[in-house]
Number of protein chains: 2
Amino acid sequence: MSASPTTSWADIKREVIRRISERIWRPGDLIPGEQELAQEFGCARATVSKAMRELADAGLLERRRKAGTRIAINPVRKATLEIPLVRIDVEGRGSTYRHALLSREDVPPPAHVAARLQLDAATPMLHLCALHLADEQAFAYEDRWVNVAAVPEIADADLETLSANEWLIRNAAFLSGELTLSAAEASTEDAEVLGVAPGAAIFIVQRITWNATQPITLARLAYAPGYRMHTSI
Amino acid sequence: MSASPTTSWADIKREVIRRISERIWRPGDLIPGEQELAQEFGCARATVSKAMRELADAGLLERRRKAGTRIAINPVRKATLEIPLVRIDVEGRGSTYRHALLSREDVPPPAHVAARLQLDAATPMLHLCALHLADEQAFAYEDRWVNVAAVPEIADADLETLSANEWLIRNAAFLSGELTLSAAEASTEDAEVLGVAPGAAIFIVQRITWNATQPITLARLAYAPGYRMHTSI
DNA sequence: ACTCGTATTATGTCTAGACATAATATTGAT
DNA sequence: ATCAATATTATGTCTAGACATAATACGAGT
């Protein structure tokens, strides 16, 4: 009957999911402790613990020391979004990637950029605009501000061959970041670069990354109409 | 000097991140094995292992048995999107939530819905349209198809007081699902319900959920303009 | 050279037990 | 009855060691 002689953490995870989905354990219920479950499944407590921690990370369980583990009432399911390089994204769709640097300027940031990065408006920054193409079709328009103090070497970088997107990932690994997804109507600039009608609905990804002490970059990616971000839960 | 007497997995994680961000270990580099690192940090192999697994899950490292662990060349960073109930989302923004059921029909699905759920076009389904409001303002318009065979009890459910969104989460915990994020121009229907101009750019979330054997529901949520999805990396 | 089987190796999983920590429950003092 | 100190308890972390598994490296035979 059973696939393996011993009980693995994956077996336990499956069994717990089964009990939840068959409503043997219902939302809000307190379930047995690790000790008890370990005895039931005939395995070590650590094995049960790993399974439970995974389910808690996925949002299905809520665990608190001393209080125990219960089935989440309002499960806040967590979906993992993969954020690849634009090049990898394009190539993953079976298209040929190319990128074009449209502009590169050393200028102080506008107020909204400075505010978003918590920088002074006089901070020297590099402003880049680039177009990512898939099979020579506009794929995404990138508008990026780079905090030169955080990555001084970018001043000498050739961003024509390697996109800023890629250069930064290779040369300035970030520690933390923020991602904001939204929909917007194409500005005249967006429309012109992407070759769509002004006002067309486009998908916007805004990304901010930080190293240990300071902001590295703020990027706004405007995707050509039809772009979808996909993930499984 | 050191904060704690023993080395914890979190300490190791921080140290590895430091070595990556200070380019002591560079993209593509093979780093020492768990055994060796455990010796360096003066802890058990399992402790190193946990730290490394977390970093690999986050996309910073690539690990393969026998081949060892190396710094990711094209780090596909993973952002965790939290998918709360619309009610929790609204309440989390400090607004008062209300929902209104606009229509409820037992009808067979249109071709694109049937195809998306891998169901026969003759399968009995429940079609629901509802509006989620925040402080009496349109927040999101939900267009949902429910596979009645998967949750027969929904036939008798009162979906006026509890939204279908919430009813399904409480009564039909799903095992897996898909999420598609996109931008679209508001259809005349979207525009009318949300009270925006037709053609306005709106953020669309399409969700499909499955139980162990069959699809449960397909939902399209059209958010009022200005909606942003936010996450940290 | 080339292929196939075998040895080796780094990560993956598991165990059994110890101690740490957070949160609740209980008790004692006021 | 109320509040603070203390005991209890379930999860969280760590250790040391064993075995499993995947993937490479190596060597024998052709």
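Proteins get letters first, then strands, A, B, ... in listed order; numbering begins at 1 in each. Nothing here was measured: the structure is a model prediction, and the numbers come from that model. Side chains included, hydrogens not; waters and symmetry mates left out as well; all remaining heavy atoms used.
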Contact boundaries of DNA chain C with chain A (under 4.0 Å, heavy atoms), 5' to 3'?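 Here the contact window of chain A covers C:dT13 to C:dT24.
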For the residue pair A:R228 and B:Q206, confirm or rule out a side-chain donor-acceptor distance under 3.5 Å.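 No, B:Q206 and A:R228 have no side-chain donor paired with an acceptor closer than 3.5 Å.
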Assign each of A:A10 and A:R65 to its nearest nucleotide of DNA chain C by heavy atoms, then name whichever residue's nucleotide is nearer the 5' end.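 First, find each residue's nearest nucleotide; the 5'-ward one identifies A:A10.
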Relative to the 5' end of DNA chain C, which residue comes earlier, B:T69 or A:K66, by the nucleotide with the nearest heavy atom?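 The residue closer to the strand's 5' end, by nearest nucleotide, is B:T69.
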side-chain hydrogen bond (donor to acceptor under 3.5 Å, both in side chains) evaluation trace for B:D11 with B:S8: CA-CA 5 Å; B:D11 293 332; B:S8 73; 3.3 Å; yes
Both A:G68 and A:A46 contact DNA chain D. Taking the nearest nucleotide for each, which residue is further toward the 5' end?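 The residue closer to the strand's 5' end, by nearest nucleotide, is A:G68.
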Let me know, please, whether B:A67 or B:G42 comes out on the 5' side of the other along DNA chain D by nearest nucleotide.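 Upstream on the strand: B:G42.
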Quick one: does A:P109's side chain get under 4.5 Å of A:L117's, heavy atoms only?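 They are not in contact (no side-chain heavy atoms under 4.5 Å apart), so the answer is no.
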Check each of B:R63, B:R53, B:K50 against B:E34 using the salt bridge (charged side-chain N to carboxylate O under 4.0 Å, His left out) test, and report the only one that passes.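 In the set B:R63, B:R53, B:K50, the residue that makes a salt bridge (charged side-chain N to carboxylate O under 4.0 Å, His left out) with B:E34 is B:R63.
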Determine, step by step, whether A:K78 and A:D57 satisfy the side chain to side chain contact (heavy atoms under 4.5 Å, CB included) criterion, reporting the C-alpha distance in whole Å, the side-chain angles of both residues, the deciding distance to 0.1 Å, and the verdict. CA-CA 8 Å; A:K78 273 118 184 156; A:D57 286 347; over 6 Å; no
Which atom pairs, one a donor and one an acceptor, fall under 3.5 Å between side chains of residues 87-94 of chain B and the rest of the protein, sequence neighbours left out?
| from | atom 1 | to | atom 2 | distance (Å) |
| --- | --- | --- | --- | --- |
| B:R87 | NE | B:E166 | OE1 | 3.1 |
| B:R87 | NE | B:E166 | OE2 | 2.8 |
| B:R87 | NH1 | B:E91 | OE1 | 3.1 |
| B:R87 | NH2 | B:E166 | OE2 | 2.7 |
| B:D89 | OD1 | B:R93 | NE | 3.0 |
| B:D89 | OD1 | B:R93 | NH2 | 3.3 |
| B:D89 | OD2 | B:Y227 | OH | 3.0 |

